[in-house]
Amino acid sequence: MADRTSSSPPRPDSVGTRSWWGWGALDQALPDAECASLAALVPGAAPSPLAVPSIASLGLPAPRVSGPAALAPLLSADPADRAAHTYGKAFRDVVRALYGDMSAAPDLVGRPREERDVVDLLDWAAGADVAVVPYGAGSSVVGGVEYRAGDHSGVLSLDLSGLDRVLEVDRVSRAARIQAGVLGPELEAQLRPHGLTLRHFPQSFAFSTLGGWLATRAGGHYATLHTHIDDLTESLRVVTPSGVSQSLRVPGSGAGPSPDRLFLGSEGTLGIITEAWMRLQDRPSHKASASVVFERFPDAVEAVRAIAQSGLHPANCRLLDPGEAALSGVASGGGSVLVLGVESAHGPVEGRLAELVVVARDHGGSPVDEASGDGDSAAGTWRSAFLRMPYLRDGLARMSVISETFETACTWDRFPALYEAVHRDVGAAVRKVTGAPGLVNCRFTHVYPDGPAPYFTVIAPGRRGAEVAMWDEIKAAAMEVLGEQGATVTHHHAVGRDHRPGYDRQRPEPFALALRAAKRALDPAGILNPGVLFDAATA
């Protein structure tokens, strides 16, 4: 029935040495000349890129704590380890790292090799009043892995990357028991021999882990139907300071509130996810894609709504407004572009793609590519730009250009007003803060029958030395707009510390009471990721 995987997993060669200060792999970062060339497109950018500081020049504060001798093999106070685990990968994180601000550096980095190590490290931390910040691969863009508040005696960054195995595969039920620290490419490499895939591909896929996806309720590959990691989760195993929680592995249950729902999205505040049974799929062998251009963005929105409500469930349904289409290199004529994709492991998909194109055409769209596969199509161009975008963001950050995103979701009836308000109010904030109009672009990352998930990009010149404060002011204006328009503070980037004000307003107070009670029960010493979801003092 179930076959076990016990050998070492294959290691993909595609991911190089990780950058300690910015996104992804060091060898993919933009060189100085390319940073300057890119910033030339943004009037008011700095004349030269910020230098990337060396680890030796950072002047990290001395560790305030040291672990017991029995845990020494699991702990590191190495400056490179501490620097790499200080921040996530948001614009404000990259900028602070470039300026050498390591004031939030953890005192120690812990690397458990098995679940027992997690238990031992939590036991020690609770007794020593050491805050524990769970760390998957550090791709958080909302301050989820940065210790900012509290008076703990020290901070431990708990790096789960040593728990990186697919432990068991149930081919009959199409599911697998997987350790939480496995990176996306390693996970898929271990599933490939079984002909299976999790098929969860966030933009951070190469640099994020299963546990991180679960803890942040990450959005993935599918634009419709199975949009979040929640939809692929069968059961969870979580280590808390009060004990280990293992939920029953079943395809569905009506037995009271779901224990998995308590920990999905809990961002390491209630426990450490160490394993999960995940629902898998047969690897798709049939794929087709097309792109459709619209002269009017409102027509494109209506087309996407019709598609989302059609029951055709495209795997890809990304709508780029004119600014985003131009920025991605998909279109330059002022039109909006809809990128569609369908896939199946069982049979041809061209017929379903044709149905989707007809819906788009009926709403004023003009198909420009209906070829199978990406090839040189707009879909392929967009995908390449999508994967390269974080590196371009880092290059712009080195030129003191504000380049960051925020995402949300709302019902279809509210989207026109939201779109207008973001362009008006966030655009006004950009002009006020930077003195320039900047760019405010939008794309849909996921769509539902009852509404879209818009993803906004902001690009504007910043002032050297003031980049973080400038972005924080613009981001505050964006959060205000989302609240006023009845949109969520986040669709898939999690709450972390950056979205706390919006989450506090969005969350019903009775639920907040229950969440705080769960925190007190599961983490009585208040050591787990303090400041995320709620303040330690009020938990």
Side-chain angles (χ1 to χ4, degrees), residues 90-92 141-142 219 223 227 294-306 308 317-328 334-338 363 402-462 469-496 498-508:
F91 170 81
R92 66 193 320 277
V141 292
V142 293
T227 59
F294 294 82
E295 291 185 8
R296 299 181 65 253
F297 184 61
D299 292 340
V301 171
E302 282 302 299
V304 174
R305 180 174 69 85
C317 187
R318 296 322 202 261
L319 174 61
L320 317 180
D321 77 356
E324 191 73 3
L327 184 67
S328 302
S336 302
V337 177
L338 172 60
H363 287 80
I402 295 169
S403 176
E404 189 57 297
T405 63
F406 62 95
E407 38 73 58
T408 185
C410 66
T411 52
W412 287 113
D413 62 310
R414 291 177 173 174
F415 175 71
L418 172 67
Y419 185 76
E420 180 183 352
V422 166
H423 280 79
R424 181 188 65 239
D425 297 345
V426 176
V430 169
R431 185 180 288 275
K432 174 188 172 185
V433 170
T434 70
L439 296 175
V440 181
N441 298 333
C442 178
R443 69 178 185 266
F444 290 172
T445 61
H446 304 78
V447 293
Y448 304 88
D450 48 345
Y455 190 106
F456 294 93
T457 299
V458 177
I459 300 176
M470 294 171 78
W471 169 245
D472 285 350
E473 189 171 343
I474 295 169
K475 179 68 175 283
M479 294 300 100
E480 188 69 25
V481 171
L482 298 183
E484 290 173 352
Q485 296 298 322
T488 181
V489 69
T490 178
H491 173 263
H492 58 265
H493 278 174
V495 174
D498 294 347
H499 287 160
R500 268 290 312 283
Y503 180 64
D504 287 348
R505 292 191 296 268
Q506 178 177 323
R507 178 184 58 196

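It should be emphasised that the depicted structure is a prediction, and the values quoted were computed from it without experimental measurement.
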Exercise for review: Check step by step if side-chain contact (heavy atoms from CB on, under 4.5 Å) holds for Val481 and Arg424.
Suggested key: CA-CA 10 Å; Val481 171; Arg424 181 188 65 239; over 6 Å; no
Review point. Can you find a pair of side-chain heavy atoms, one from Leu418 and one from Leu482, that are under 4.5 Å apart?
Key: yes
Revision key, fill the gap. In terms of heavy-atom contacts, Glu324 and Cys442 come closest through CB-O, 3.4 Å
Check your understanding: Roughly how far, to the nearest 0.5 Å, is the OG1 atom of Thr434 from the CD1 atom of Ile402?
Key -> 6.5 Å
Check your understanding: Trp471 and Val458: side-chain contact (heavy atoms from CB on, under 4.5 Å), yes or no, with the steps?
Key -> CA-CA 10 Å; Trp471 169 245; Val458 177; 4.1 Å; yes
Review point. Say you draw a straight line from CZ of Arg414 to OG1 of Thr408; how long is it, rounded to the nearest 0.5 Å?
Key: 10.5 Å
**Study point:** Near-ring test His492/His446, centroid separation under 6.0 angstrom
**Key:** yes
Review point. If you round to the nearest 0.5 Å, how far is CZ of Arg505 from CD of Glu480?
Key: 5.5 Å
Review point. Quick one: does Val426's side chain get under 4.5 Å of Phe456's, heavy atoms only?
Key: no
Review point. Does the side chain of Val141 come within less than 4.5 Å of Glu407's, by heavy atoms?
Key: no
Review point. Quick one: are Thr490 and Val142 in side-chain contact, heavy atoms under 4.5 Å?
Key: no
Point to revise | Beyond-backbone contact of Phe294 with Glu302, side-chain heavy atoms, under 4.5 angstrom | key: no
Review point. Any side-chain heavy-atom pair from Arg500 and Met479 closer than 4.5 angstrom?
Key: no
Exercise for review: Measure the spacing between CZ of Arg443 and CG of Leu319 and express it to the nearest 0.5 Å.
Suggested key: 11.0 Å
Study note, to complete from the structure: In terms of heavy-atom contacts, Leu338 and Cys317 come closest through CD1-SG, 4.0 Å
Check your understanding: Once you round to the nearest 0.5 Å, how far does NZ of Lys475 lie from CZ of Arg92?
Key -> 8.5 Å
Check your understanding: For the ring pair Phe444 and His491, is the centre-to-centre distance below 6.0 Å?
Key -> no
Practice item. To the nearest 0.5 angstrom, please state how far the OG1 atom of Thr457 sits from the CG atom of Leu439. Key: 9.5 Å
Review point. Between Phe406 and His499, does a ring pair (Phe, Tyr, Trp, His ring centres under 6.0 Å) hold up when you go through it step by step?
Key: CA-CA 10 Å; Phe406 62 95; His499 287 160; 9.0 Å; no
**Study point:** Derivation and outcome, side-chain contact (heavy atoms from CB on, under 4.5 Å), residues Leu327 and Ile459
**Key:** CA-CA 10 Å; Leu327 184 67; Ile459 300 176; 4.0 Å; yes
Check your understanding: Where is the tightest heavy-atom contact between Arg431 and Pro437, given as atom of each residue plus distance?
Key -> NH2-CB, 3.3 Å
Point to revise | Gly438 versus Ala460, closest heavy-atom pair with distance | key: CA-CB, 4.0 Å
Study note, to complete from the structure: Looking only at heavy atoms, the pair that brings Gln485 and Ala421 closest together is NE2-CB, 3.8 Å
Review point. Quick check: are there more than 12 heavy atoms from other residues, nucleotides or ligands sitting under 6.0 Å from CD of Glu484?
Key: yes
Review point. Given the rule in the side-chain contact (heavy atoms from CB on, under 4.5 Å) test, do Val304 and Trp412 qualify, once you have shown the distances and angles that lead to the verdict?
Key: CA-CA 10 Å; Val304 174; Trp412 287 113; 3.8 Å; yes
**Study point:** Residue pair Phe91 / Thr405, side-chain heavy-atom distance below 4.5 Å
**Key:** no
Point to revise | Least distance between heavy atoms, Ala325 atom then Val337 atom | key: CB-CG2, 4.0 Å
Point to revise | Check: Tyr419 and Pro454 side chains under 4.5 Å, non-hydrogen atoms | key: no
